[in-house]
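Given the structure is predicted, the values throughout are model-derived calculations rather than measurements. Remember, it's 1-based here, ligands and their atoms both numbered in the order they're listed.
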Amino acid sequence: MNAGLVYDVAIVGYGPAGQVAAALLGQAGLSVHVCERLTDVYQIPRAISLDHEIMRVFQQLGVVDAIASHVEPFTPSEFYGVDGQLIRRMTMVEPPYPQGWTPSNVFTQPPVEQALRARVAQLPNVKVELGVEMQRISQDAEGVTLQLSSGTVRAKYAIACDGGSSLVRTQLEMPLEDLDFDEPWLVVDVLCNEQGLAKLPQVSVQYCEPERPCTLVIGPKNHRRWEISLKPGEDPKQVATDEETWKLLSRWLTPEDGELWRQASYRFHALVAANWRQGRVFLAGDAAHMQPPFLGQGMCQGVRDVTNLSWKLRSVLTGEVQGQAAEALLDSYGAERKAHVRELTSRIKGVGAVICERDPVKARERDARMLAECGGVVKDTPRQDILPRLETGLLAAQSNTARGSLFPQPWVRVGHGKPWAPASAGVTRGLLDTVTGNGWRLVLADASVPSAQFAGLRIVTLGQADCEETEGVAASWFRRHECVAALVRPDNYVYGVAASAADVPTLVAEAARALGLDA
Ligand SMILES: O=C(O)/C=C/c1cccc(O)c1
């Protein structure tokens, strides 16, 4: 290695969280080093679902076209009780979509990872070393030193994206807190043929059957995933053999109906790192948390982590935010993400409690209760309604329903002669982030609302000729939250809102103070 070179950020681990971190930081112009033990993308799908928040990050990275053929809308998920009756139905909201993308999706992980890596490969300031093990991590007041199997790397900060058994977390003795879920399950991915597909439900299913709770997820194309709970005494290795797996699938398919892509036994866990930062080292993705899969949020959580952390590291490393404010900003990463992970995990466990009830009497009581609660007619629950907001961290000191939520991303009219009109002819509309960029934005509901400023803040006035929305998504958001302006962070979360024009300067000044900037 070049002994004098100090990277801005070193990333250990190059799965989805590491890839998104490398792309976001690299796109921001920082120098980044990535090391990964494996020599290629892991060819087995682990994650199967991603939501609109993640699509918005992929949009920022310019990979949406490259991944489009590997992503499909999530089917509804129907929960069936003891007697096969419908007890819950999870869906998504109808268009117009609040984030500009289909709210819930299934995807094929290996090609999506390949597309993220291809994006990173376009960034000359990001160096990726594959087939390289991290052996030792240490840090001092100025930076982090990584002993790799290929040599030594020095960086100002490091992010551990090295998975559930993170060596970084272990070496730094950063403990995990147990969120009280630990169950053995078998996960089976099948590539079905026409005959197999014809035998299967057209929607995803949660079989809330006390005998053996299990899940069927309709993946993209001919990919179908089963998650099958194991019974006490069942050998996780034995059930994962081809023969035993086909026996477990026999309710739905025979070996003539498709081929096993992979099957593996896992313990579904709920764990969160006690601390997400130690000095100059941050934990992210599975290194920081693990949750049961019942809402398909595993990879989404990792992408949320690095999206949250990347803009904060960029602000600090470019000197935009300095001193005490910089330390507070970096500390806000763990505070925000840990609280969010804890809350979402608790909601996922709530979904799991419905699915995993093994006592037949209690399962019947559950069915009766759930049906009584909806008056016997199961209503659709949009999955996104289950996701929590940010509750703590770099947020305005105000109490309302908008603070800490994702700001919507409306489609806006584009056309020639407007300042941001794309060069390509024939394009008539664009998504807001593409128009405004993803920095700090003060979004005003209309031109009558006055603006205020801090360094780097972009003023976006809706309804103006250069930002006229086509479906009223933002306008209805402002109405619903009874406000006229929103201060939006670079990760698209709402710092705070102004209920009236008079509140705008106070809101902007509060954020400027928190960031140590001149208002
Ligand atoms: O969002 C849903 O309806 C279900 C998602 C999901 C994804 C992967 C594994 C699961 O058990 C559930």
Side-chain angles (χ1 to χ4, degrees), residues 16 44-55 70-81 86-93 97 99 101-109 112 164 181-190 200-209 212-221 223-230 248-249 252 261-270 286 289-304 344-357 370 378-388:
I44 301 295
R46 283 163 292 183
I48 193 170
S49 71
L50 60 86
D51 64 24
H52 54 185
E53 178 178 358
I54 308 315
M55 287 300 291
H70 308 292
V71 180
E72 289 177 21
F74 214 124
T75 58
S77 281
E78 300 192 338
F79 290 51
Y80 293 111
L86 183 68
I87 53 171
R88 174 181 277 178
R89 193 162 187 274
M90 294 204 307
T91 54
M92 38 190 175
V93 290
Y97 295 137
Q99 296 294 312
W101 298 104
T102 309
S104 308
N105 303 279
V106 287
F107 77 109
T108 309
Q109 184 168 357
V112 168
F181 194 96
D182 181 11
E183 288 203 7
W185 286 63
L186 178 72
V187 179
V188 187
D189 290 289
V190 180
L200 294 174
Q202 300 300 302
V203 294
S204 299
V205 178
Q206 298 287 1
Y207 298 91
C208 309
E209 301 169 359
R212 192 190 287 285
C214 56
T215 302
L216 164 62
V217 177
I218 309 282
K221 303 186 180 89
H223 177 195
R224 300 292 177 268
R225 171 170 293 180
W226 280 262
E227 290 166 355
I228 302 174
S229 63
L230 302 190
L248 286 168
L249 291 181
W252 299 275
W261 188 359
R262 70 103 190 225
Q263 67 268 22
S265 295
Y266 290 96
R267 293 202 78 84
F268 287 175
H269 278 306
D286 287 359
H289 49 79
M290 272 161 277
Q291 48 280 307
F294 307 121
L295 269 180
Q297 281 290 315
M299 190 191 82
C300 298
Q301 286 290 53
V303 174
R304 279 185 197 110
L344 180 52
T345 303
S346 139
R347 296 182 189 195
I348 292 170
K349 279 175 58 187
V351 175
V354 170
I355 300 165
C356 301
E357 179 56 67
M370 288 176 72
V378 172
K379 293 187 205 67
D380 288 354
T381 308
R383 295 177 178 94
Q384 298 309 317
D385 288 1
I386 303 174
L387 296 194

Once the angle between the rings of Trp261 and His223 is folded into 0 to 90°, is it parallel (under 30°), tilted (30 to 60°) or perpendicular (over 60°)?
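Geometry flag for His223 against Trp261: perpendicular rings.
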Can you classify the ring geometry of Trp252 versus Trp226 as parallel (below 30°), tilted (30 to 60°) or perpendicular (above 60°)?
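Rings of Trp252 and Trp226: tilted, 30 to 60°.
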In the protein, which heavy atom is nearest to [atom], and how far is it?
atom: atom 7 (C) of ligand 1; answer: Gly296 CA, 3.5 Å
atom: atom 3 (O) of ligand 1; answer: Ser77 OG, 2.5 Å
atom: atom 5 (C) of ligand 1; answer: Phe74 CZ, 3.5 Å
atom: atom 10 (C) of ligand 1; answer: Pro293 O, 3.1 Å
atom: atom 11 (O) of ligand 1; answer: Glu227 OE1, 2.5 Å
atom: atom 1 (O) of ligand 1; answer: Arg383 NE, 2.6 Å

Beyond-backbone contact of Phe268 with Glu227, side-chain heavy atoms, under 4.5 angstrom
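A side-chain contact under 4.5 Å exists here.
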Tell me, do Gln206 and Val354 make a side-chain contact under 4.5 Å, heavy atoms counted?
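The answer is no; the side chains never approach within 4.5 Å.
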Given that the side chain starts at C-beta and the backbone is N, CA, C, O, which of these parts of Arg225 lies under 4.0 Å from ligand 1, counting heavy atoms, or is it both or neither?
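Under 4.0 Å from ligand 1, Arg225 contributes no heavy atoms.
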State the atoms of ligand 1, each with its element, that fall below the 4.0 Å cut-off from a heavy-atom position in Ile48.
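Counting from 1, the qualifying ligand atoms are 8 (C).
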Could you tell me, atom by atom, which parts of ligand 1 come under 4.0 Å of a heavy atom of Met90?
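Taking each heavy atom of Met90 in turn, ligand 1 has 2 (C), 3 (O) under 4.0 Å.
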If you measure from OG1 on Thr345 to CZ on Phe294, what distance do you get to the nearest 0.5 Å?
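Reported to 0.5 Å precision, the distance equals 12.0 Å.
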So Asp51 and Gln384, side chain to side chain contact (heavy atoms under 4.5 Å, CB included) or not? Walk me through it.
CA-CA 8 Å; Asp51 64 24; Gln384 298 309 317; 3.6 Å; yes
Taking atom types as modelled and ignoring hydrogens, do the side chains of Gln291 and Arg347 form a donor-acceptor contact shorter than 3.5 angstrom?
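No, Arg347 and Gln291 have no side-chain donor paired with an acceptor closer than 3.5 Å.
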